[in-house]
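Since the structure comes first, as structure tokens, the remarks are kept for the end.
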Amino acid sequence: MAYVRWSRYFLPTWKEEPAEADLPSHKLMLRAGLIRPLAAGIYTYLPLGWRALRKVEAIVREEMDAIGGAELHMPVVHPAELWAKTGRLVDAGEILIRFQDRAGREMVLGPTHEEVVTDLARREIQSWRQLPLMLYQIQTKFRDEPRSRGGLVRVREFTMKDGYSFHEDLADLDRYYPEVYQAYLRIFRRCGLATVPVEADSGMMGGTGSHEFMLASEHGEDTFVRCEGCGYAANREGAVAAKDADLDEALRAVEEVATPGCETIEAVARALGVPTSKTAKAVFYRAAGEVVFVVVRGDLEVNEAKLARVLGAGDLRPATEDDIRATGAVPGYASPIGVTGARVVVDDSIAGARNLVAGANREGFHLRNVNFGRDFQASVVADVALARDGDRCLRCGGTLRVERGIELGHIFKLGTKYSQALEATFLDREGRARPLVMGCYGIGIGRLLAAVLEAHHDRDGIVWPGSVAPFHVLVAVLNPKEPEPLAYAASVAEHLAQAGLDVLLDDRERTAGEKFHDAKLLGIPVLAVIGPRGLRKGEVDLERRRDGARTPVRASLDVIATSVQDMLRAESS
RNA sequence: CGGGGCGUAGCGCAGCUCGGAAGCGCACCUGCUUUGGGAGCAGGGGGUCGCUGGUUCAAAUCCAGUCGCCCCGACCA
């Protein structure tokens with residue numbers, strides 16, 4: 001393997017912070033010459049970025065192969081007709097980029113490949129003897145996201161590892177799913193990332209289980225909940241928390257009180273001198289053409305994902321004032337008592353509380369001592385509240401923490417949604433045709449690369465984990481204009497490359513200072529400095545990026561090679 | 001899609017309030033001197049001020065529209 005000469009490579013670095021970037025990973029990718037933007041959420045990978053991406057891909061490939069995955073490559077362009085069959089031409093909506101080919105056929109760019117892979121399975125899988133099967137690819141996806149952000153954290157065109165498994169029944173999917181789960185943990189760990197697997201909302205997909213792999217990061221765009229005690233973790237949409245019931249109080253008689261100008265829970269609670277947890281909050285939504293009246297304890301917020309699941313509705317949006325008035329409720333003073341013309345969803349926090357303050361359905365008035373069951377009824381009682389930081393864990397009673405994170409992977413028990421829609425069946429052991437049971441598993445490769453940088457950088461630049469570093473060692477010649485040091489550095493680079501290392505030789509005619517700064521910016525694990533000072537003493541300096549530790553070693557090719565390899569081994573352990 | 005910000009040389013920015021010769025730093029090119037932590041001197045090249053229209057004797061600057069990018073939110077199979 002040959003080494004790369006920087007002077008003939010394409011590796012532009014920036015001294016200044018780019019104005020367009022906020023996230024550390026985004027700034028570093030631009031400054032260290034990994035990526036360049038073309039349009040919103042669409043990037044070119046420069047040679048160095050592409051190298052790093054391929055390192056990540058190689059790890060993903062190894063781990064997928066290790067759990068029996070067979071790599072294939074499906075098309076980017078799909079006939080829209082296939083998407084119409086599963087209903088996702090409409091459901092995937094605006095993220096699907098659509099166009100016509102010259103014959104006027106409707107086409108889409110694939111945002112994911114359930115349709116295509118299921119179509120393939122329909123044609124090729126006939127018998128239970130062909131199962132189970134895991135197919136995966138590492139391929140370009142396009143999703144016309146409403147908003148890209150954070151460099152490679154959320155883009156429109158991206159590289160994704162998407163895998164799809166096929167099983168004869170749910171039991172076999174249940175058996176295989178944990179293997180993928182473990183493979184995912186290994187992939188992220190090998191990339192130097194400690195991820196948190198969180199239970200994800202299986203939502204409208206109707207599956208039986210789903211996990212997201214989150215990297216905790218203040219710059220993450222997702223929110224998840226983690227228990228300090230038992231390790232329970234779930235994404236915000238699905239997280240459950242204990243709600244202390246307080247049913248000891250005796251029921252008191254309802255009493256109307258004047259609360260002029262108190263249109264928020266905080267104002268009411270303050271005016272009446274009660275904690276917000278002793279109030280009932282009314283929140284209105286419109287779903288599937290009807291108005292929904294949701295009642296939660298005043299100190300809680302409605303979790304719209306949970307509510308949508310309870311209602312079985314996909315199109316949840318806040319109700320208008322007119323919607324609210326149509327139910328007979330008075331905005332700001334809404335009461336669940338005597339409401340008609342709306343479905344009433346009561347959070348279980350309300351069912352577990354006594355003598356609450358609620359609206360009186362009369363401008364400027366509230367009611368004291370309102371009790372669920374006695375004073376009002378519900379269409380549904382369910383958990384529709386958002387878990388909060390500091391809440392108690394339902395499982396162990398420990399403390400729940402709300403954290404931000406970057407979602408690196410998502411695995412999903414799909415069931416038969418796609419196989420049924422596309423009639424992908426096989427003959428089981430009894431000779432009956434049954435739909436294939438499927439799982440799907442995704443990792444955003446570029447996002448994973450961005451996450452590596454979020455987790456591995458310092459003030460001066462990137463600090464690559466050895467496993468995904470675009471090069472293992474950077475050989476810097478401080479005076480490349482002089483023939484002997486350059487020739488010597490080239491022989492060092494050559495020797496290191498022969499030893500199986502990825503070597504970048506900085507033979508640019510730049511000042512020593514620039515080379516040292518760029519070396520830190522690039523973050524290659526080991527820097528070998530070849531300069532006149534060291535050479536006079538018969539030494540080459542090795543510098544470890546992680547902690548800046550410098551070791552002079554004898555300037556002999558074999559000594560340098562072993563020393564570099566020792567340092568790299570120490571890196572990866 | 002709602003809110004906010006920004007478009008002036010490759011990058012970072014000033015100039016715009018109050019219209020009157022397009023600037024600064026870095027980078028780049030040439031030469032010389034430097035060469036172990038972003039060197040010095042001298043010389044030089046590079047800009048339809050995002051775009052369109054309007055006001056004006058005169059527009060980077062004022063007005064209208066439009067496009068693009070970034071951030072917050074909504075959304076996120």
Between Lys520(A) and Ala21(A), which residue's closest nucleotide on RNA chain B lies nearer the 5′ terminus? Lys520(A)
Rounded to whole Å, how long is the line connecting atom NZ of Lys27(A) with atom P of C70(B)? 15 Å
Check: protein-nucleotides 74-76 of chain B nitrogen or oxygen pairs below 3.5 Å:
residue, atom, partner, partner atom, Å
C75(B), N4, Arg149(A), NH2, 3.1
C76(B), O2', Arg154(A), NH2, 3.2
C76(B), O2, Arg154(A), NE, 3.4
C76(B), O2, Arg154(A), NH1, 2.9
C76(B), O2, Arg154(A), NH2, 2.3

Nearest-angstrom distance from the residue atom CZ of Arg510(A) to C1' of G40(B): 17 Å
I'd like the C1' distance from G25(B) over to G15(B), given in whole Å. 15 Å
Using atom C1' of each nucleotide, how far apart are C62(B) and C70(B) to the nearest Å? 26 Å
Suppose you measure atom P in C11(B) against the same atom in C72(B); what distance do you get, rounded to whole Å? 23 Å
Heavy atoms under 4.0 Å, any strand shown: does Arg156(A) hit a base, just sugar-phosphate, or nothing? nothing
Closest-nucleotide 5' rank along RNA chain B - winner of Met160(A) and Glu514(A): Glu514(A)
Suppose we call two aromatic rings close when their centres sit under 6.0 Å apart. Are His211(A) and Phe213(A) close by that rule? no
Does Asp541(A) make a side-chain donor-acceptor contact with the base of G36(B), cut-off 3.5 Å? yes
With rounding to the closest Å, how many angstrom separate the P atoms on G53(B) and A58(B)? 15 Å
Heavy-atom count check: over 12 atoms from other residues, nucleotides or ligands less than 6.0 Å from Gln100(A) CD? yes
Ion pair present between Glu115(A) and Lys85(A), side-chain N to carboxylate O less than 4.0 angstrom? no
Tell me the partner of U55(B), counting only Watson-Crick (N1-N3 plus N6-O4 or O6-N4) or G-U wobble (N1-O2 and O6-N3) with both under 3.5 Å; none if nothing fits. none
Rounding to the closest angstrom, what is the interatomic distance between G50(B) and U8(B) at atom C1'? 10 Å
Lys/Arg N to Asp/Glu carboxylate O, Lys281(A) vs Glu301(A), below 4.0 Å: yes
Select base, sugar-phosphate, or nothing to describe what Asn479(A) touches, counting heavy atoms under 4.0 Å on all strands. nothing
Is a salt bridge present between Arg550(A) and Asp541(A), judged by a nitrogen-to-oxygen distance below 4.0 Å? no
Separation of G38(B) atom P from Arg508(A) atom CZ, nearest Å, is 14 Å
Check: protein-nucleotides 3-13 of chain B nitrogen or oxygen pairs below 3.5 Å:
residue, atom, partner, partner atom, Å
G12(B), OP1, Ala19(A), N, 3.1

Regarding the side chain of Lys15(A), the nearest nucleotide among G38(B), C70(B), G37(B) is G38(B)
Give the rounded distance in Å between these two atoms: CZ of Arg236(A) and P of G73(B). 13 Å
Would you call Glu423(A)-Arg122(A) a salt bridge at under 4.0 Å N-O? no
Candidates C69(B), G36(B), U35(B) - which lies nearest the side chain of Phe516(A): G36(B)
Thinking salt bridges, do Arg447(A) and Glu221(A) make one under a 4.0 Å N-O criterion? yes
Taking NZ, NE, NH1 and NH2 as the nitrogens, is one of them in Arg236(A) or Asp222(A) under 4.0 Å from a carboxylate oxygen of the other? no
For atom CG of Leu478(A) and atom C1' of G38(B), their distance in whole Å: 14 Å
So what's C13(B) paired with, Watson-Crick or G-U wobble, going by both distances under 3.5 Å? G23(B)
With sugar-phosphate meaning primed atoms plus P, OP1 and OP2, does Ala519(A) contact a base, only sugar-phosphate, or nothing at under 4.0 Å between heavy atoms? nothing
Any Thr511(A) side-chain N or O less than 4.0 Å from OP1/OP2 of U35(B): no
At under 4.0 Å between heavy atoms, what does Gly442(A) touch on the DNA or RNA strands: base, sugar-phosphate, or nothing? nothing
Within this structure, what is the CZ-to-P distance between Arg545(A) and G37(B), rounded to whole angstrom? 17 Å
Suppose you measure atom C1' in A60(B) against the same atom in A21(B); what distance do you get, rounded to whole Å? 13 Å
If you measure from the P atom in C26(B) to the same atom in A22(B), how many Å do you get, rounded? 24 Å
Starting at NE2 of His26(A) and ending at C1' of C69(B), how long is that distance when rounded to a whole Å? 11 Å
May I ask you to say what Glu482(A) touches in the nucleic acid, namely base, sugar-phosphate or nothing, with a heavy-atom cut-off under 4.0 Å? nothing
Using the C1' atoms only, state how far U61(B) lies from G23(B), rounded to an integer number of Å. 15 Å
So, Arg554(A) and Glu539(A), do they make that salt bridge, N to O below 4.0 Å? no
Partner of G2(B) under the Watson-Crick or G-U wobble criteria, both distances under 3.5 Å, comes out as C72(B)
Whole angstroms only, please: what is the CD-P distance between Glu218(A) and C72(B)? 13 Å
Looking at A42(B), which nucleotide sits across from it as a Watson-Crick or G-U wobble partner, both distances under 3.5 angstrom, or is there none? U30(B)
Between Asp383(A) and Lys306(A), does any side-chain N to carboxylate O distance fall below 4.0 Å? yes
Less than 6.0 angstrom separating the ring centers of Tyr164(A) and His113(A), yes or no? no
Taking a pair to mean Watson-Crick or G-U wobble geometry with both distances below 3.5 Å, G36(B) pairs with none
Which part of the nucleic acid does Gly151(A) contact within heavy-atom distance under 4.0 Å: base, sugar-phosphate only, or nothing? nothing
State whether Trp464(A) and Arg544(A) meet the cation-pi test: NZ (Lys) or CZ (Arg) under 6.0 Å from the six-membered ring centroid, and within 45° of the perpendicular axis. no
